[in-house]
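Heads up, the thing below is written out as structure tokens.
Here is how names work: the chains are called A, B, and so on, in the same order as the sequence lines, proteins then strands, and each is numbered from 1.
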Number of protein chains: 2
Amino acid sequence: MTQTDTKTRILDCAEQMFARAGFHSTSLRKLTQLADANLASVNYHFGSKEALLQAVIERRLLPLNKIRHKKIEEIITQAREQERPPAAADLLQAFVVPTLEFRNSSPGAQDFIALIGRSLSEPDETVRHCFLSLALPIFQFLFEGLRQALPQIPAAILLARLQFIMGTMSHVMCMGNLNAFQKPDFPEALEQNVLMDQMLKFIQAGLEAPL
Amino acid sequence: MTQTDTKTRILDCAEQMFARAGFHSTSLRKLTQLADANLASVNYHFGSKEALLQAVIERRLLPLNKIRHKKIEEIITQAREQERPPAAADLLQAFVVPTLEFRNSSPGAQDFIALIGRSLSEPDETVRHCFLSLALPIFQFLFEGLRQALPQIPAAILLARLQFIMGTMSHVMCMGNLNAFQKPDFPEALEQNVLMDQMLKFIQAGLEAPL
DNA sequence: AGTTGTTTTAAACAGGTGTTTAAATAAACA
DNA sequence: TGTTTATTTAAACACCTGTTTAAAACAACT
């Protein structure tokens, strides 16, 4: 087989189009045309448009979540061995850095990160639920780690701060370095690495803000 | 006239449905049915569905932005009179607090805030551009104030931090106190006022994070 | 080569979309 | 009051949507 098979060709195009134009604004006709496949092939290979979205998200998110889980676990066990609570900054890095590395790993991954960045604030139940059901376990695991790291912060407040962090992250991830405020006299956008470094500093400071 | 006129009835329903289901997922047939108006009345009164969205956003955002502009201006002139730079925390409050007060002013306003909270990360050009064109001036004005407040922070980094803040805000504003992570053993969501207070502390700490 | 199972194809299906039209109604003003 | 403007209405327009069907093409294997 000289080229990629239909199923992954559809997955790749769906990832790109869902991320850039949105799930509902992407029609199966435009999608299959771009993927050089027949209209019916989506329903043949995936069952429905919604199931295609699920497949798009699962393909990348399951492996990514495994890495994030492992990294967080490492931080926690390492702290336990040294009989000290884990550092909040380390836990945040264990969650964020794999996401960024993954994002830079391929062009499709970048679209994917934008897609899940948007999923958190998606008005449509379909998309949001599809993403949340896969993302909840890792959020919970991170939260448990942060509880150990910052026991002086009440649980409800810590949870709120974790949500603020998710808001910042999802915003940065779907905007990328594409500056929304771009205006002639405005400073130029930061380089990708610097931007991510700044984001980490921002959310670390916010997480440990005085009560 | 015993009840509100058709035009504002359509605006009210559009605000609610655009916020809760999204712009593209809201059909004019469902919308006019809920508004107890004829299908053609949207095109008669507003010209098109897109122009209706514009009207929905303008109706609330123009007055809100006037208030925000005035509050920020007060902080700046007050600081100038005392021959000191404005405090970053004051500027942030001047921007955020009117938004929250406005949000609590009416049920429709709450939907509206969710709508513009989502607009920032909207995949569709139509919605995003419609919102951004109205919001950019106030963002710029706030940015100029923050430049005076925090001259030690390079402009590009300050701009990035302002974007992080917008990410946090827009996330909180479309989620409200509706906790996305809701799970049996998770702490209960904070009360609205407490949540907003925490958000302010979070973004203030992030804004002034060490370089 | 012939058969079996998988994949692709074009066409049709049933229903939804925003928008336009022209006639009917209501409101405003003389 | 009659006349003119503003609004409402039902119907049709042209097009797009996800999904299904049955026939065709391809693949693999005995």
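- Under a 3.5 Å cut-off, the side chain of B/Asp12 and the backbone N or O of B/Gly108 do not form any donor-acceptor pair.
- Among D/dT17, C/dT19, C/dT21, the nucleotide with an atom closest to any side-chain atom of B/Lys49 is C/dT19.
- Rounded to whole Å, atom C1' of D/dT9 lies 15 Å from atom CD of B/Gln33.
- A parallel orientation is assigned to the rings of B/Phe141 and B/His69, their planes being inclined by less than 30° (bins at 30° and 60°).
- Picking from D/dT7, C/dT19, D/dA10 the nucleotide with the shortest atom distance to the side chain of B/Asn38 gives D/dA10.
- One atom, NE2 of A/His24, and another, P of D/dC16, lie 19 Å apart when rounded to the nearest Å.
- In this structure, CG of A/Leu28 is placed 21 Å from P of D/dC15, rounded to the nearest angstrom.
- In this model, the phosphate group of D/dT17 is approached by a side-chain N or O of A/Ser27 to a distance below 4.0 Å at OP1 or OP2.
- Here the side chain of B/Thr6 is nearest to one of D/dA12, D/dT8, D/dG18, namely D/dT8.
- Smallest separation of non-hydrogen atoms from B/Thr32 and B/Asn38: CG2-O, 3.4 Å.
- Side-chain contact between B/Leu91 and B/Ile76 is present, with heavy atoms from C-beta onward closer than 4.5 Å.
- The CD1 atom of A/Ile57 sits 7.5 Å away from the CG atom of A/Leu61 when rounded to the nearest 0.5 Å.
- Both A/Arg29 and A/Ser41 lie near DNA chain C, and the one whose nearest nucleotide falls closer to the 5' end is A/Ser41.
- Side-chain N/O atoms of A/His45 include none lying less than 4.0 angstrom from OP1 or OP2 on C/dT6.
- Protein atom CG of A/Leu39 is 10 Å distant from nucleotide atom C1' of C/dA10, rounded to whole Å.
- Between A/Phe46 atom CZ and D/dT20 atom P the separation is 16 Å, expressed in whole Å.
- Comparing B/Ala37 and A/Glu50, the nucleotide of DNA chain D nearest to each residue sits closer to the 5' end for B/Ala37.
- Among the protein residues, A/Thr26 comes within range of the sugar-phosphate backbone only, with heavy atoms under 4.0 Å from sugar or phosphate atoms but none that close to a base.
- When the nearest nucleotides of DNA chain D are assigned to A/Ala40 and A/Ser25 by heavy-atom distance, the more 5′-ward of the two goes with A/Ser25.
- Picking from D/dT19, C/dT21, C/dT19 the nucleotide with the shortest atom distance to the side chain of A/Asn43 gives D/dT19.
- Counting to the nearest Å, the C1' atom of C/dT17 and the CZ atom of B/Phe23 are 12 Å from each other.
- Spacing between atom CZ of A/Arg9 and atom P of C/dT7 amounts to 13 Å, rounded to whole angstrom units.
- Pair assignment for C/dA30 gives none, since no Watson-Crick or G-U wobble pairing has each distance under 3.5 Å.
- Between A/Tyr44 and B/Lys30, the residue anchored closer to the 5' end of DNA chain C is A/Tyr44, taking for each the nucleotide with the nearest heavy atom.
- Figure legend. D/dT19 is base-paired to C/dA12; pairs are counted as Watson-Crick or G-U wobble with both atom distances under 3.5 Å.
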